[in-house]
Protein chains: 2
Amino acid sequence: MDATNVLKERGLSVTSSRLQVYEALHGEALAFSHADLEQKFKRKKMDRITLYRVLNDFEEAGLVHKVIDPGGVAHFALCKDGCLHGHHHDHHAHFNCQRCHKMFCLDTDSQLSFKLPRGFKIAGLNTVIYGTCKTCSA
Amino acid sequence: MDATNVLKERGLSVTSSRLQVYEALHGEALAFSHADLEQKFKRKKMDRITLYRVLNDFEEAGLVHKVIDPGGVAHFALCKDGCLHGHHHDHHAHFNCQRCHKMFCLDTDSQLSFKLPRGFKIAGLNTVIYGTCKTCSA
DNA sequence: ACAAAGATACAACATTGTTGCGTTTAACAA
DNA sequence: TTGTTAAACGCAACAATGTTGTATCTTTGT
């Protein structure tokens with residue numbers, strides 16, 4: 001499906017900013033920070049605040065998921081198709097390289113098992129494994 | 001062991017700021033943000049930058065561990081005794097309440113199992129489960 | 001008690017993220 | 001296609017979090 005229809009399907013109006021951001025994230029195995037994305041857009045016109053709002057809108061629409069790196073910075077990646085129907089079930093882990101600072105989505109079957117104390121209700125999960133990636137370890 | 005000796009054992013010089021921060025964290029099941037701690041110290045004199053540096057020093061010394069909430073804010077809690085001997089093995093999960101914003105250390109046997117791609121080397125882990133805590137769910 | 005090393009406090013700054021508001025653009029219906 | 005309305009954009013201003021440099025003060029070890 002093309003970007004325009006993906007946006008429409010989520011009830012998002014189709015604007016050039018949103019198309020640009022979608023295209024930037026599409027097909028990537030990495031989650032990008034605001035700084036990363038601003039860098040990507042440096043030749044085109046892309047307002048910093050607009051970028052924040054586009055990413056927030058995308059997250060609320062279930063189009064992207066947000067993951068926080070150990071430095072407290074948000075990174076965004078497109079959700080897999082499975083998230084298309086309303087609720088995030090993106091509980092996959094992420095790997096953040098301490099050397100190149102890339103944030104990898106671990107699509108493999110990483111899974112968390114835990115005992116939550118009685119009365120605690122889970123809404124979601126943020127898991128970041130940090131270390132050195134393949135390239136930086138070599 | 002008293003605070004003074006804990007600091008000495010880690011090779012940290014004993015200062016009033018460090019003792020204050022240690023006492024503030026001691027015996028707590030919650031991880032506190034800088035803002036939380038500044039609030040605790042509002043009657044005493046505690047410089048904001050000094051607090052940052054004390055917490056950084058504590059973390060490097062393996063005395064506390066840091067966990068990032070979904071908003072990107074760092075929270076700190078004392079490590080269990082097991083961490084005393086040089087390397088963090090604080091891979092326990094944390095629970096962040098979306099309503100009262102408290103960060104709970106889940107000392108229970110929460111555990112992560114995942115397959116890391118070949119060549120990736122793990123150094124540590126940041127896991128935050130978010131939702132509503134017992135008090136806020138009632 | 002003294003010298004050296006380390007910690008503190010202040011200012012200045014960097015980065016990340018939010019809010020308000022006037023202007024522009026997209027959606028939809030006539 | 002055009003006009004109306006609602007939404008998105010872009011700018012300015014601001015807030016929170018965190019870092020760096022440096023002079024002063026405190027701790028440590030002799």
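In what follows, chains are A, B, ... by sequence order, proteins preceding strands, each numbered from 1.
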Practice task
Report the residue (B:V14 or A:M46) whose heavy-atom-nearest nucleotide on DNA chain D is the more 5′ of the two.
Solution key: A:M46
Practice task
Answer yes or no: is there a side-chain heavy-atom contact under 4.5 Å between A:P70 and A:N96?
Solution key: yes
Practice task
May I ask whether A:L25 and A:L106 are part of the same hydrophobic cluster, defined by side-chain heavy atoms of I, L, V, M, F, W, Y residues being less than 4.5 angstrom apart, directly or through others?
Solution key: yes
Problem - Helix axis bend for the helix from C:dA1-D:dT30 to C:dA30-D:dT1 - C1'-based end axes, five pairs, 10° rounding - result: 40°
Fill in the blank from the handout: Walking DNA chain C from its 5' end, the first of B:D57 and A:S33 to be reached, judged by nearest nucleotide, is B:D57
Handout entry: Separation of A:H65 NE2 from A:F58 CZ (nearest 0.5 Å)
Key = 14.5 Å
Practice task
Examine A:F120 together with B:F95 and report whether their ring centres are nearer than 6.0 Å.
Solution key: yes
Completion exercise
Of A:G11 and B:S16, the one whose closest nucleotide on DNA chain D sits nearer the 5' end is A:G11
Practice task
Apply side-chain hydrogen bond (donor to acceptor under 3.5 Å, both in side chains) to A:T4 and list each qualifying residue two or more places apart in sequence or on a separate chain.
Solution key: none
Practice task
Give a yes or no on whether the backbone of B:C133 and the side-chain of B:R99 come within a donor-acceptor separation of less than 3.5 Å.
Solution key: no
Practice task
On DNA chain C, reading 5' to 3', which nucleotide is the first and which the last to sit with an atom under 4.0 Å from a heavy atom of chain A, could you check?
Solution key: C:dT16 to C:dA27
Practice task
With heavy atoms under 4.0 Å as the rule, sort A:S17 into base, sugar-phosphate or nothing.
Solution key: sugar-phosphate
Exercise for the section: Only counting residues at least two apart or in another chain, list the ones meeting side-chain contact (heavy atoms from CB on, under 4.5 Å) with B:A3. Expected result: B:L19, B:Y22, B:E23
Problem - Residue list, side-chain contact (heavy atoms from CB on, under 4.5 Å) with B:R53, at least two apart or on another chain - result: B:I49
Exercise for the section: Would you classify A:R18 as touching base, sugar-phosphate or nothing, given that sugar-phosphate means primed atoms plus P, OP1 and OP2, and contacts are heavy atoms under 4.0 Å? Expected result: sugar-phosphate
Practice task
Please examine the side chains of A:I68 and B:V128, heavy atoms only from C-beta on, and report whether any two atoms are closer than 4.5 Å.
Solution key: no
Exercise for the section: Consider only side-chain N and O atoms of B:H94 and B:H75, and report whether a donor and an acceptor are under 3.5 Å apart. Expected result: no
Problem - Whether A:K121 side chain and B:S137 backbone form a donor-acceptor pair below 3.5 Å - result: no
Exercise for the section: Would you grab the first and last nucleotide of DNA chain D (5' to 3') that comes under 4.0 Å of any non-hydrogen atom in chain B? Expected result: D:dT17 to D:dT28
